Amino acid sequence: MEASLLEGIEVARKAVDAASEKQASDIVLLDTRKVCSFADYFVICTGETDRQVRAIYDEIEHSLKREGVSPAHHEGTLDSGWLVLDYGDVIVHIFSTEEREFYQLEKLWSQADLVLRIQ
């Protein structure tokens, strides 16, 4: 993976901005450095429809790519209701409403520090 000129928090904030641009709902930025060994920040958001979930994903990926930051890995399908972009220090989770309620990542990572929530 190529080195990025952006710090993890900057990548996370740009992901939040991109998700907000596509009207993602309940956007959460968690600082997971104290409780997670594989990522410093989680960005979690919800799309109301499959089309919106895809639009959020595409906007985040394109926005960060313009900054020279590409995901190391990505997971999920629209059918699964959960798309993930892995930027190393930052993991972006884009959920359908149902899947977000089911997985409850904020509850699972409740020991992480809440940096930002946009509802």
Side-chain angles (χ1 to χ4, degrees):
M1 180 169 68
E2 65 186 56
S4 167
L5 297 176
L6 298 178
E7 295 291 323
I9 188 64
E10 294 171 306
V11 171
R13 286 191 181 276
K14 287 189 180 296
V16 166
D17 290 345
S20 183
E21 182 75 24
K22 291 300 178 185
Q23 285 79 44
S25 59
D26 199 10
I27 304 169
V28 173
L29 172 53
L30 298 176
D31 181 338
T32 57
R33 291 177 291 181
K34 296 176 188 171
V35 295
C36 179
S37 62
F38 59 88
D40 292 345
Y41 300 95
F42 282 4
V43 175
I44 305 168
C45 64
T46 303
E48 303 301 319
T49 65
D50 287 351
R51 187 173 180 177
Q52 186 185 24
V53 169
R54 173 49 91 181
I56 294 164
Y57 176 96
D58 289 344
E59 183 67 22
I60 291 169
E61 188 174 36
H62 292 131
S63 176
L64 286 167
K65 195 170 277 187
R66 285 191 296 272
E67 298 289 335
V69 181
S70 296
H73 188 71
H74 56 88
E75 285 286 331
T77 64
L78 287 177
D79 291 341
S80 74
W82 186 5
L83 298 177
V84 176
L85 288 161
D86 179 352
Y87 289 97
D89 291 345
V90 180
I91 310 292
V92 179
H93 305 268
I94 308 161
F95 285 103
S96 68
T97 303
E98 299 79 25
E99 296 304 312
R100 179 134 180 210
E101 289 172 9
F102 178 79
Y103 286 104
Q104 298 184 18
L105 280 190
E106 295 99 318
K107 194 174 197 178
L108 181 66
W109 294 99
S110 63
Q111 297 299 311
D113 293 327
L114 177 65
V115 176
L116 174 71
R117 175 171 236 137
I118 302 171
Q119 293 187 322

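We count residues from 1, following the sequence as given. Here the structure is a predicted model, which is why all the values come from computation and not from measurement.
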Do [X] and [Y] belong to the same hydrophobic cluster, where Ile, Leu, Val, Met, Phe, Trp and Tyr are linked whenever their side-chain heavy atoms lie under 4.5 Å apart, directly or via other members?
| X | Y | result |
| --- | --- | --- |
| Phe102 | Phe42 | yes |
| Leu83 | Val92 | yes |
| Tyr41 | Val16 | yes |
| Leu105 | Val84 | yes |
| Val115 | Val43 | yes |

> Does the Thr46 side chain pair with the main chain of Asp26, one donor and one acceptor, at a distance under 3.5 Å?
Replying inline: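 No.
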> When you measure from the side chain of Gln52 to the backbone N and O of Gln23, does any donor-acceptor pair fall under 3.5 Å?
Replying inline: yes
Quick one: closest heavy-atom pair of [X] and [Y], and the distance?
| X | Y | answer |
| --- | --- | --- |
| Trp109 | Val35 | CZ3-O, 3.4 Å |
| Trp82 | His93 | NE1-ND1, 3.3 Å |
| Gly8 | Val90 | O-CG2, 3.2 Å |
| Asp50 | Leu78 | O-CD2, 3.4 Å |
| Leu64 | Ala15 | CD1-CB, 4.4 Å |
| Ile27 | Cys45 | CG1-CB, 3.9 Å |

Say you draw a straight line from [atom1] of [X] to [atom2] of [Y]; how long is it, rounded to the nearest 0.5 Å?
| X | Y | atom1 | atom2 | value |
| --- | --- | --- | --- | --- |
| Ser70 | Asp86 | OG | CG | 12.5 Å |
| Glu67 | Glu10 | CD | CD | 9.0 Å |
| Ile60 | Lys14 | CD1 | NZ | 13.0 Å |
| Leu114 | Asp31 | CG | CG | 10.0 Å |
| Ile56 | Ile94 | CD1 | CD1 | 6.5 Å |
| Thr32 | Asp40 | OG1 | CG | 6.0 Å |

> With sequence neighbours excluded, what pairs up with Asp17 under the side chain to side chain donor-acceptor pair (under 3.5 Å) test?
Replying inline: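 Per chain and number, Asp17 pairs via side chain to side chain donor-acceptor pair (under 3.5 Å) with no residue.
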> With Asp113, which residues qualify under side chain to side chain donor-acceptor pair (under 3.5 Å), at least two apart?
Replying inline: Lys34
>> Taking the basic N atoms (NZ, or NE/NH1/NH2) and the acidic carboxylate oxygens, is any pair closer than 4.0 Å for Asp58 and Arg54?
In response: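 Yes, Asp58 and Arg54 are salt-bridged.
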>> If you count heavy atoms of other groups shown closer than 6.0 angstrom to CD of Glu48, is the number above 12?
In response: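 Yes.
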>> Looking at Gln104, I want to see if its CD is surrounded by more than 12 non-hydrogen atoms of other residues, nucleotides or ligands under 6.0 Å.
In response: yes
> Hey, are Ser80 and Glu99 close enough side-chain-wise for a donor-acceptor pair under 3.5 Å?
Replying inline: no
